[in-house]
Protein chains: 2
Amino acid sequence: MKVTARLIERLSTYRRNLQRQIPGAKTRIYSHELAALVGETPALVRRDLMTIGFTGSPAHGYDVPGLIAKIAELLDPPGGAGIALVGVGALGRAILRYFHRVHPEFRFVAAFDTSPDKVGQVFDGCPCHALDDMEATLRQKLIAFGVIAVPADAAQVVATRLVRNGVRALLNFTPERLQMPPGAYVEDVDLAASLEKVVFFGRLGATHAACPGADMAGPESCAANQDAYASDLPSANS
Amino acid sequence: MKVTARLIERLSTYRRNLQRQIPGAKTRIYSHELAALVGETPALVRRDLMTIGFTGSPAHGYDVPGLIAKIAELLDPPGGAGIALVGVGALGRAILRYFHRVHPEFRFVAAFDTSPDKVGQVFDGCPCHALDDMEATLRQKLIAFGVIAVPADAAQVVATRLVRNGVRALLNFTPERLQMPPGAYVEDVDLAASLEKVVFFGRLGATHAACPGADMAGPESCAANQDAYASDLPSANS
DNA sequence: GTCACGCTGTGAACTCATTCACAGTATAGC
DNA sequence: GCTATACTGTGAATGAGTTCACAGCGTGAC
Ligand SMILES: NC(=O)c1ccc[n+]([C@@H]2O[C@H](COP(=O)([O-])OP(=O)(O)OC[C@H]3O[C@@H](n4cnc5c(N)ncnc54)[C@H](O)[C@@H]3O)[C@@H](O)[C@H]2O)c1
Ligand SMILES: NC(=O)c1ccc[n+]([C@@H]2O[C@H](COP(=O)([O-])OP(=O)(O)OC[C@H]3O[C@@H](n4cnc5c(N)ncnc54)[C@H](O)[C@@H]3O)[C@@H](O)[C@H]2O)c1
């Protein structure tokens, strides 16, 4: 099974969108329905499910609970993921709050910050420690994943320290490119670059009347699965 | 010139990393230096600069201020971008704060929220309006870009309303896949999927000893530009 | 019971992105 | 001045990722 980062990303959205359906409304789903739900092509959906060895029937499509289970088996770590947050600033707190409320399966079990205001407090169930306690806490709670939401200049130091103490993968919100030992995984989220794309392609849209014109095409630019747009206000669906 | 979303993303990080250098320290840079800075290959950097028609010299590499200017000319809208934020929650406020402080070139000129607590307040220079004022405000301030940070069920309605009133591109933090008219651009930021990738590849790293093993490879997994890692604590560089 | 339909599973084709590899060239050192 | 060097610019090769297109099949209609 050839597992790429994009496949994992799509599996994650397949699952999330399946779970968002009215529970029990559909226990079976066709590739083209799931595709519409997540904004992909039916062929890609079938290919992905084939890749993970999940098989449907031509008559009824794919079994929804079964698919969710299969994806869970693949993505969810057996013991549940213990995650550490470093930098309990505006962004860090938003993340703690959101995941605590809507995705408790991601267990943020420790936070770290330099600010004495934050240390000792508990944010959405996640206790904030001083940096000095990092080593002990990481090892004691067997934390394997980290989220970096500190100012850019602190990112590399913090990352190194995490990885030295058992953390094997990071989500990095900083524009800094982190140097990691081989084997460690870093997922960068660069919001400035994302906004820059929005501005660029939005501007193009204006100039060229439409993005599909001659020479430009973002991957999901012109997202429009046009079918549903003749109607007027596609009021909050799904 | 063939412009893809990935190119824009890289140009954005090229520029940001060039600007982060001690100003004036280097006025020239080689492709391999810039590549190391952003974690890409030298060949790709050269190809990108070629694509945007920026040319260097074999003797001294590329002119840094010139390159920054060239990228700005390409990415920055002439009048400055007017951006609207919808949903002044935890995430929305983090975004307003961050961009106001560190990237004021992205001008958040209006925010919208349903909560009476928020309406009328100013967040980091950005006034929060009631939803009823959306049409008027968008048109009056000629807002062409939007950021969606409302709960998922409100996302489609809000997006449609924005696009109906002149907004041409959106940054969407919601897991909802937005239906857009052709020509509009949507950039999705799916933090849950990103975290899921971190957990998956971090776990693999453990099992398989290292990611480059047999059959897996995330795009920037094993980010390690190993060169610099023999040394110990790569203390916050650049 | 038989037929037509519409879907899955999948090899092959294709498209897009990245890397290779090298010719061309400006400098630094001698 | 001449040579060795180390880089850029770029066509061509490679590689990933996606889509095409169709054989095979279970089901519902009649
Ligand atoms: N907020 C955003 O929208 C946004 C967007 C893009 C990038 N980022 C990145 O995320 C980072 C955090 O953003 P924010 O808005 O939460 O900033 P913030 O200033 O609100 O939070 C930073 C937090 O990190 C803590 N901190 C500082 N140095 C530390 C260290 N060495 N170790 C541990 N904690 C430390 C501070 O006490 C503070 O609580 C930013 O610096 C930026 O690089 C944020
Ligand atoms: N915070 C995160 O880390 C995170 C992570 C992933 C996704 N998201 C997405 O971003 C959204 C916002 O996250 P948050 O943490 O800021 O949530 P939040 O609850 O703090 O903020 C939501 C804000 O939207 C406002 N709102 C609600 N309905 C609205 C409407 N119809 N029009 C305008 N405003 C409306 C609310 O008043 C509130 O201020 C989430 O719902 C989620 O879909 C957030």
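By convention in this document, chain letters (A, B, ...) are assigned in the order of the sequence lines, proteins followed by strands, and residues within each chain are numbered from 1.
When the side-chain nitrogen and oxygen atoms of A:R6 are compared with OP1 and OP2 of C:dA17, none of them lie within a distance under 4.0 Å. Taking side-chain N and O atoms only, A:S31 has a distance below 4.0 Å to OP1 or OP2 of C:dT8. In this model, the phosphate group of C:dT18 is not approached by any side-chain N or O of B:T41 to a distance below 4.0 Å at OP1 or OP2. Neither OP1 nor OP2 of C:dA26 sits under 4.0 Å from any side-chain N or O of B:S57. In this structure, B:T55 reaches the D:dG9 phosphate: one of its side-chain N or O atoms is under 4.0 Å from OP1 or OP2.
As rounded to whole Å, 11 Å separates atom P of C:dG6 from atom OH of A:Y30. Rounded to an integer number of Å, the gap from CD of B:E9 to C1' of C:dT18 is 15 Å. Between the CZ atom of B:R10 and the C1' atom of C:dT19 there is a distance of 12 Å, rounded to whole Å. In this structure, the CZ atom of A:F54 is 14 Å from the C1' atom of C:dG9, given to the nearest Å. Rounded to whole angstrom, the span from the CZ atom of B:R28 across to the C1' atom of D:dT8 amounts to 13 Å. In this structure, NE2 of B:H32 is placed 17 Å from P of C:dT19, rounded to the nearest angstrom. Rounded to a whole Å, the OH atom of B:Y62 is 16 Å from the P atom of C:dT25. In this structure, the CG atom of A:D48 is 14 Å from the C1' atom of D:dA16, given to the nearest Å.
At a cut-off of 3.5 Å, with distance as the only test, no side-chain donor of A:T13 or A:E9 sits close to an acceptor on the other residue. For A:S12 and A:R16, the side-chain atoms include at least one donor-acceptor pair closer than 3.5 Å.
Salt bridge status for A:D76 with A:R15: present, with a side-chain N to carboxylate O gap under 4.0 Å.
Checking D:dT19, D:dG28, C:dA28 against the side-chain heavy atoms of A:H60 singles out D:dG28 as nearest. If you check D:dG17, D:dT10, D:dC20 against the side chain of B:R46, the one that comes closest is D:dT10.
Between the side chain of A:R47 and the base of C:dG11 there is at least one donor-acceptor pair of N/O atoms closer than 3.5 Å.
Ring geometry for A:H103 versus A:Y98: interplanar angle over 60°, hence perpendicular rather than tilted (30 to 60°).
Of the two residues near DNA chain D, A:A43 and A:A59, the one whose nearest nucleotide lies more 5' is A:A43. Map A:M50 and A:P58 each onto its nearest nucleotide of DNA chain C; the residue landing nearer the 5' end is A:P58.
Nearest heavy atom pair, residue B:L171 against residue A:S194, reads CD1-CB, 3.8 Å.
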